[in-house]
2 protein chains.
Amino acid sequence: MNVKGGMTIGEAAKRSGVPPKTIRFYEDAGIIAPAARGDNRYRSYGESEVQTLRFIHRARGLGFSLKDVGELLALYRDRNRASREVKALALRHVAELDRKIAELSAIRTMIAVLAERCHGDERPDCPILDELDKA
Amino acid sequence: MNVKGGMTIGEAAKRSGVPPKTIRFYEDAGIIAPAARGDNRYRSYGESEVQTLRFIHRARGLGFSLKDVGELLALYRDRNRASREVKALALRHVAELDRKIAELSAIRTMIAVLAERCHGDERPDCPILDELDKA
DNA sequence: TTGAAGATTCCATCATACTGGAAGGATGAT
DNA sequence: ATCATCCTTCCAGTATGATGGAATCTTCAA
């Protein structure tokens, strides 16, 4: 075995959905902290690391850049630092997320309308992009 | 002047937020149709093209790939084709958007909680990533 | 009419985010 | 013991999505 109860990079990959290569890449890129190593020099991961990887996986799937993800993770790690700047950063992210959610909702509505109202319809125009612009 | 009332690529760029280079790139990549040309071989754009560019701009900002954007635009263009497949594709996108919106909302909540509850607090753990996993 | 500004094409380069492959060491089941 | 499988590092290559620059027109305003 390795570091007390830790899992290998392969197991962490399976549990998180992030391939081993990509996990190493994230480590090199400084997105995650260097993993603990066992006597055999293998990286060792615990549940919290897997959780972080899962978070990265989901955030990436939502279109966040690695830079964004790093900032979100730093925010999480620094949650006890009580700094005004950290709070301000968090609030900026919340505002940004609200904007994203609103825009996604607008697009969702547009696509839903396309699916429900316009299919097979011979009307020459469904002015949906117009409506979206007003949203 | 150019094609009846059309604007140049530079104007379209200003109105849409997409730089001229990028507009040409989108044309080359087949994301948008080749623009009409005037006698001087300049590309000419109307309001609807600008609207499309604005849509692309926003969708890209939301993390959609150019492939996704192309598909959404095709969906819009084909809205009168009445095909079962087009409707099915639209509904798949709606489901996907609902999922994205739900995940973004979960992350939004997490960041908001970080901002409001955990700043300056000496509690050793805010189990927010855990909660997020359940979401 | 003479520039400055903005258009054209084409080709190169960049940034982000992986992904593949080689060469070698460790592990684990038969 | 051996063989597949997984780990290690390192370096190269790929995919996506632009972006920069050169060389050359066109337009427009002074």
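So that the names make sense, note that chain A is the first sequence line, chain B the second, and so on, each numbered from 1.
If you take OG on A/Ser44 and CD on A/Glu49, they are separated by 8.0 Å, rounding to the nearest 0.5 Å.
Close to C/dT8, at under 4.0 Å from its OP1 or OP2, lies a side-chain N or O of B/Arg43. Residue A/Arg37 has a polar side-chain atom (N or O) positioned under 4.0 Å from OP1 or OP2 of D/dT9. At the phosphate of D/dT16, neither OP1 nor OP2 sits under 4.0 Å from any side-chain N or O atom of B/Ser65. Taking only side-chain nitrogens and oxygens, A/Arg24 comes nearer than 4.0 Å to OP1 or OP2 of D/dT8. Between B/Thr8 and C/dG6 there is no side-chain polar atom (N or O) within less than 4.0 angstrom of OP1 or OP2. One finds no side-chain N or O of B/Tyr42 lying less than 4.0 angstrom from the OP1 or OP2 phosphate oxygen of D/dC25. For the OP1/OP2 pair of D/dA18 and a distance below 4.0 Å, the side-chain nitrogens and oxygens of B/Tyr26 include at least one atom meeting the criterion. In terms of phosphate contacts, B/Asn40 brings a side-chain nitrogen or oxygen within less than 4.0 Å of OP1 or OP2 of D/dT27. For A/Arg60 and C/dC18, the shortest distance from a side-chain N or O to OP1 or OP2 is below 4.0 Å.
When the P atom of C/dT16 is taken as reference, atom CZ of A/Phe25 falls 10 Å away, rounded to whole Å. Residue A/Asp28 contributes atom CG, which lies 16 Å from atom P of C/dT16 at whole-angstrom precision. Taking atom CD1 on A/Ile23 and atom P on D/dC7, their separation rounds to 9 Å, with Å as the unit. Protein atom CD1 of B/Ile9 is 16 Å distant from nucleotide atom C1' of D/dT27, rounded to whole Å. Rounded to whole Å, the distance from CD on B/Glu11 to P on D/dT27 is 14 Å. B/Arg41 has its CZ atom 7 Å from the P atom of C/dT9, to the nearest Å. In this structure, CE of B/Met7 is placed 18 Å from C1' of D/dT27, rounded to the nearest angstrom. Rounded to an integer number of Å, the gap from A/Asp39 CG to C/dA26 C1' is 12 Å.
Following chains of ILVMFWY side-chain contacts shorter than 4.5 Å, one cannot reach B/Leu72 starting from B/Leu91, and the two form parts of different hydrophobic clusters.
Remark: B/Arg60 engages no residue in a side chain to side chain donor-acceptor pair (under 3.5 Å) (not counting sequence neighbours).
Residues B/Leu62 and A/Leu104 are in side-chain contact: their nearest non-hydrogen atoms beyond the backbone lie under 4.5 Å apart.
Classification of B/Glu103 and B/Arg99 as a salt-bridged pair holds, one side-chain N sitting under 4.0 Å from a carboxylate O.
Toward the 5' end of DNA chain C, the nearer of the two residues B/Lys21 and A/Ile56, judged by each one's closest nucleotide, is B/Lys21.
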